[in-house]
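See below for the structure under consideration.
Sequence lines set the chain letters: A, B, ... in the order given, protein chains first and strands last, and positions in each chain run from 1.
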Amino acid sequence: MRIQLLLTGLLSTSLLFAQRAAVPPTGQQILDRYVKVTGGKAAYDKVKSVTMLGTMEIKGQNVRGEMKMYRIDGGKYYTVVDLPGVGKQEDGSDGTTVWDKTVLGPRLKTGDEKFLAACATGAMSEYQRTATEQDKCYSKTEYSGEETIAGKVYQKVTLTPKLGKPEVQYFDKVSGLLRRTRMILPSPMGEVPIVMVIEEYKTIDGIVTPVKLVNQMGPMEMEMSFSSVRFNEKLPGTLFELPPEIQALVEAEKKPTP
Amino acid sequence: MKWIAAGLLLMCASGWAQERDVQLQSFDQVWQTIANKHWNPKQLEKLPDGSSWAGIRDAYRKRVAATKSPDEVRAILRELIAKIGKSHYAISGFDASRASTLRQGGGTSPGFSVELVEGKILVTAVRAGGPAAAAGVKPGWEALSADGVAIQNAGQGMLHEDLRRHQILQQQIGGYGGQTLDYEFRAGDEKKLLRLHLPKADGSAGFGFMQGMDVQREFRLVGQKDVGYFRLDLFLDAVRVLPQFEQAIKACGACKGFVIDLRGNPGGIAVMANAMAGWFVAKSGVKLGTMYQRGVDLNFIVIPRLNGFTGPLAILVDGASASTSEIFAGGMQDLKRARVFGSRSAGAALPSVIEVLPNGDFFQYAVANYVSASGLELEGRGVTPDLAVAHTAEALRQGKDRPLDAALDWIYANPTPADRAAQH
């Protein structure tokens, strides 16, 4: 009888558990879990500057260059990728003007592109803005079910930016870590569908940080691998000043059109 | 002795058996890559000869499995990719059976170029300051041999015949930096034997697997020394070429016009075309065309540069201007920002990538289709010049470059500054 009760109790508990498991998590719960498993909000709040040094490679094409990313609180960032044969491809913001300077020439970013580059202003916003500054960038967060990829189960969260197209983030159901993001990036070349896969994390100063990422764009794959990630390094303010060509564009915009 | 010979034979056989696995892996990579990355899978369902990519796989794989040498594999793979009937599909590797038929010099130019003109291989350009100019080589001379090997016409019947002929001809006269080569010419009735010392490689930066090629370029003033002329033989070494191009534009602010010579330019890094176009376009939001890839369509946008060149722009092309050259010339023609002079371009305009196969050969394949802003596919069609004008033997002998002269005539007859706004 006791056994029966026990079994009934177990069955009941199991049933109750199953009922609870059937209730899907909210998108916010998944994001909160991500913040927790990667170090917690308090740890994120301590980071005022980020330096990431590594390489960018177009996979299978023998194209590989040095990559440096610097970001500080206040929406200031500077990224440079130096590709052999092509030269420096730069991207930055002084907290007001968002720009890039590539082989195509210098350019000021506007519209959705500017918003998505600048909506988050914290030092950790390059790859962690969902965790740290969700409210500034997104108007809606929804749980979108589970998906199994290569035997792993992912919980999907669809985030709708205040400007731009929704993106879907895939969180490992077991670890809670963000593993991929499917998004449509606005660019001057048009809308570019991208899948960003985070292949490797490392714990740095208590924060589990992405250090190896692969961007899949159509038939091309770009791998970014960071051998050095440092937090709260003192960075010179000049790093985030507008380059002369960008400053010239800003001045030209101020002039009235003839 | 017999045993040793038999052992060697066995070793060779066993070596090739292992090698054959690598060759099969190479076949698989070629077939699968095209199946996965061709921009339009529907085209693979019905190839130009009516077969399908999926349908021909097994037969070709069996043929590779039965081969006895890398050359055979290469020939089969070339036959396979030729089934697609498009440019930018290539297998490249050292081909022992083909090596002896034509001279294969290196990538360093002796300072002159040759083309088939009126049935003869004639010098069409001599680069100022180069070894050919120093030795007195003149346009219009017939090029007979390089390094003791007769220079032969080739490429007949090949896809993109003019482009292939141009490449094979330049390869026959080319060499390696620092090399000294003997060249034989015919100037009128006289034969001339000249020894040219090829300059050391200039350290041009390649891109990806496109390495070791000197990027020949020059800027000078032509006509009445008031028209800028920029010649570029390859769209590579962006790190140095683009700043030099910028300098040329800035040095030419008061020029009556600008000529960009892309004759013989087979392409290279596609975005260099957009970068150069930015110096001639004032309006935002224009593009040179669209690149259609599987899953991603990318616009070849042009970012206007401050203080660009607003005068008339002429672009010179010929049958060996391909790929990025066609994207630039076709795109600027579409935008009505340039007039194109010369002869129809190669019609080989597909953006492509190169990767290494397990057997060590290079495999180039197209990843996108290119369609100009006006909706024209340049692949197989090429850029049609606004004014078709070709070299003649007589004009070359007189030191005239007819396509360039035609461009200059247009520039001098053209638009006053007030009319130029219509070009933007």
Heavy-atom closest pair, residues B:A238 and A:V103
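Heavy atoms only, the tightest pair is CB-CG2, 4.3 Å.
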Which atom pair, heavy atoms only, marks the closest approach of B:V296 to A:P193?
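It is CG1-CD, 4.0 Å.
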Please check if the number of heavy atoms outside [X] that lie under 6.0 Å from its [atom1] is greater than 12.
X: A:K109; atom1: NZ; value: yes
X: A:K136; atom1: NZ; value: yes
X: A:K68; atom1: NZ; value: no
X: A:K162; atom1: NZ; value: yes

Which bit of [X] comes within less than 4.5 Å of chain A, counting heavy atoms only: side chain, backbone, both or neither?
X: B:D297; result: backbone
X: B:Y365; result: side chain
X: B:L236; result: neither
X: B:R294; result: backbone

Heavy-atom cut-off 4.5 Å, strictly under: side chain, backbone, both or neither for A:I194 against chain B?
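Neither the backbone nor the side chain of A:I194 comes within 4.5 Å of chain B.
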A:P84 versus chain B, heavy atoms under 4.5 Å apart: side chain, backbone, both or neither?
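A:P84 touches chain B through backbone heavy atoms alone.
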How many angstroms lie between [atom1] in [X] and [atom2] in [Y], if you round to the nearest 0.5 Å?
X: A:E251; Y: B:L306; atom1: CD; atom2: CG; answer: 11.0 Å
X: B:I303; Y: A:D100; atom1: CD1; atom2: CG; answer: 6.5 Å
X: A:M189; Y: B:T290; atom1: CE; atom2: OG1; answer: 12.0 Å

Look at A:P106, A:S187, A:G87 and state which one has the largest set of heavy-atom pairs under 4.5 Å with chain B.
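Greatest number of close heavy-atom pairs with chain B: A:P106.
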Just so I understand: if I count every heavy-atom pair under 4.5 Å between each of B:L242, B:V271, B:T33 and chain A, which residue has the most?
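Looking at each option in turn, the highest pair count goes to B:V271.
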